[in-house]
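Bear in mind that the values here come from a model prediction, so they are computed numbers and not experimental data.
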Amino acid sequence: MNFLLEENNNFTPFTMQHLLVLLVFTFFGTFLILWVKNKEEKIQNTIGNFLAFSICLTVVFGTILKFYKGNFDYQKDLPLHLCSFMAIIIPILSVTKKFLYYEIFLFLILAGTMQSLITPDETNFLNFQFFRYWFVHAGLVIFMMYATFVYKMRPTLKSVGKSFLAMQVYMLLMFVLNYFIGSNYFYTNRKPDAATLLDLFGDWPKYVFVVELIVIPYFLLIYLPFYLTRKKA
């Protein structure tokens with residue numbers, strides 16, 4: 001049990017380790033969706049809820065574990081980074097299946113969480129922190145694909161604008177919170193320590209403005225496959 005709680009910084013991004021982890025979750029997500037797609041609605045809902053609540057509880061347990069180990073830091077360990085925050089609230093979509101939540105969550109998760117999968121800032125390997133990071137981030141993407149293909153939800157062009165507005169509200173709240181408690185949630189004060197795409201956009205505050213300029217084109221790029229398949233249908 002101790003090996004799950006101990007630090008083990010043996011994971012190296014952009015290596016075969018990284019590729020294998022991505023392949024495992026890609027296979028798992030594809031298999032799950034294909035297997036459940038033709039099941040009765042009750043089974044689809046049960047599995048969807050189980051997946052969503054598992055992602056949420058993983059973040060909650062990880063936060064509690066920080067308290068237990070005595071190394072909790074409110075400036076960085078609250079579940080307020082975008083991926084952790086989305087993990088906490090993702091059961092709302094699973095339970096209600098409200099389209100507004102889907103269209104907002106879809107772009108925030110695919111834009112933000114996908115980047116965390118491609119450029120991970122986690123170096124722990126085969127311990128709880130490793131499983132937490134990858135299950136939460138990959139799980140969010142899998143769940144949104146689950147909602148798309150199993151719950152049969154599809155975004156519209158208006159969804160891009162709604163998600164962008166939701167992002168602005170979230171960013172503003174994080175700016176205010178970071179100002180008062182000296183934190184860096186949503187990386188509004190500085191870039192993450194690990195290599196990310198933000199490194200291409202200059203130092204603070206330049207990268208914040210660059211992200212603001214490119215986020216709508218980025219969302220539109222994410223929307224393009226949905227648009228093309230909608231038109232084709």
Side-chain angles (χ1 to χ4, degrees), residues 11 13-62 79 81-99 101-122 124-155 159 163 197 218-219 221-230:
F11 179 82
F14 317 117
T15 63
M16 186 58 68
Q17 283 177 312
H18 188 178
L19 178 61
L20 286 175
V21 171
L22 292 176
L23 287 175
V24 166
F25 279 105
T26 299
F27 175 80
F28 169 75
T30 303
F31 174 80
L32 176 67
I33 291 170
L34 290 177
W35 176 76
V36 80
K37 192 174 181 182
N38 296 318
K39 299 294 183 181
E40 61 184 62
E41 185 177 351
K42 183 178 179 180
I43 294 176
Q44 293 177 344
N45 292 339
T46 299
I47 293 175
N49 287 335
F50 180 81
L51 176 60
F53 278 96
S54 295
I55 294 168
C56 174
L57 291 175
T58 298
V59 172
V60 172
F61 179 75
H81 280 301
L82 181 63
C83 298
S84 294
F85 182 70
M86 296 304 299
I88 290 290
I89 65 175
I90 200 70
I92 297 175
L93 170 58
S94 179
V95 171
T96 66
K97 297 181 181 61
K98 191 170 182 178
F99 181 69
Y101 300 143
Y102 167 81
E103 57 186 345
I104 290 175
F105 292 1
L106 179 72
F107 292 98
L108 293 179
I109 287 174
L110 294 189
T113 307
M114 283 290 287
Q115 192 250 320
S116 297
L117 295 175
I118 297 170
T119 58
D121 59 3
E122 180 57 63
N124 276 284
F125 188 59
L126 297 182
N127 56 12
F128 174 77
Q129 191 62 28
F130 169 82
F131 291 113
R132 176 195 181 280
Y133 183 91
W134 288 100
F135 178 67
V136 169
H137 289 82
L140 285 170
V141 175
I142 291 171
F143 182 81
M144 294 315 300
M145 293 299 98
Y146 191 97
T148 299
F149 294 106
V150 177
Y151 296 157
K152 294 181 171 56
M153 296 180 171
R154 295 290 189 279
S159 303
S163 193
L197 293 177
Y218 189 19
F219 283 2
L221 186 62
I222 293 171
Y223 174 67
L224 183 60
F226 295 98
Y227 173 77
L228 294 176
T229 54
R230 184 187 297 271

Checking [X] side chain against [Y] main chain: does a donor-acceptor pair fall under 3.5 Å?
X      : Y      : result
Asn127 : Phe130 : yes
Ser159 : Pro155 : no
Tyr133 : Ser116 : yes
Tyr102 : Met144 : no

Can you find a pair of side-chain heavy atoms, one from [X] and one from [Y], that are under 4.5 Å apart?
X      : Y      : answer
Phe25  : His137 : no
Thr26  : Ile142 : no
Phe226 : Leu106 : yes
Trp134 : Leu117 : yes
Phe85  : Val59  : no
Met86  : Ile55  : no
Glu122 : Phe11  : no
Gln44  : Val150 : yes

Minimal non-hydrogen separation, [X] against [Y], with atom names:
X      : Y      : result
Ser84  : Arg132 : OG-NH2, 3.4 Å
Ala52  : Phe143 : CB-CE1, 3.9 Å
Val136 : Ala87  : CG1-CB, 3.8 Å

Inter-residue atom distance [X].[atom1] - [Y].[atom2], 0.5 Å rounding:
X      : Y      : atom1 : atom2 : result
Phe53  : Thr58  : CZ    : OG1   : 13.0 Å
Tyr146 : Ile47  : OH    : CD1   : 5.0 Å
Leu140 : Met114 : CG    : CE    : 12.0 Å
Ile222 : Ile109 : CD1   : CD1   : 11.0 Å
Ile104 : Leu93  : CD1   : CG    : 10.5 Å
Ile88  : Cys83  : CD1   : SG    : 12.5 Å

Practice problem: Would you please test Ile92 and Ile89 for side-chain contact (heavy atoms from CB on, under 4.5 Å) and show each step? | Solution: CA-CA 6 Å; Ile92 297 175; Ile89 65 175; 4.0 Å; yes
Quiz item: Would you find more than 12 non-hydrogen atoms of other residues, nucleotides or ligands less than 6.0 Å from Met145 atom CE?
Solution: yes
Quiz item: When the ring planes of Phe107 and Phe219 are compared, do they come out parallel, tilted or perpendicular, using 30° and 60° as the limits?
Solution: tilted
Self-check item: Parallel, tilted or perpendicular, as decided by the 30° and 60° cut-offs, for the rings of Tyr101 and Phe105
Solution: parallel
Self-check item: cation_pi(Arg154, Tyr227) dist<6.0 Å, angle<=45
Solution: no
Quiz item: Can you list every side chain to side chain donor-acceptor pair (under 3.5 Å) pair that touches residues 47-56, not counting sequence neighbours?
Solution: Asn49-Ser94
Practice problem: Would you please test Leu126 and Phe131 for side-chain contact (heavy atoms from CB on, under 4.5 Å) and show each step? | Solution: CA-CA 7 Å; Leu126 297 182; Phe131 291 113; 4.1 Å; yes
Could you pull out all donor-acceptor pairs under 3.5 Å where a side-chain atom in residues 31-42 meets a protein atom, sequence neighbours excluded?
none

Quiz prompt | Lys98: partners by side-chain hydrogen bond (donor to acceptor under 3.5 Å, both in side chains), with sequence neighbours left out | solution = none
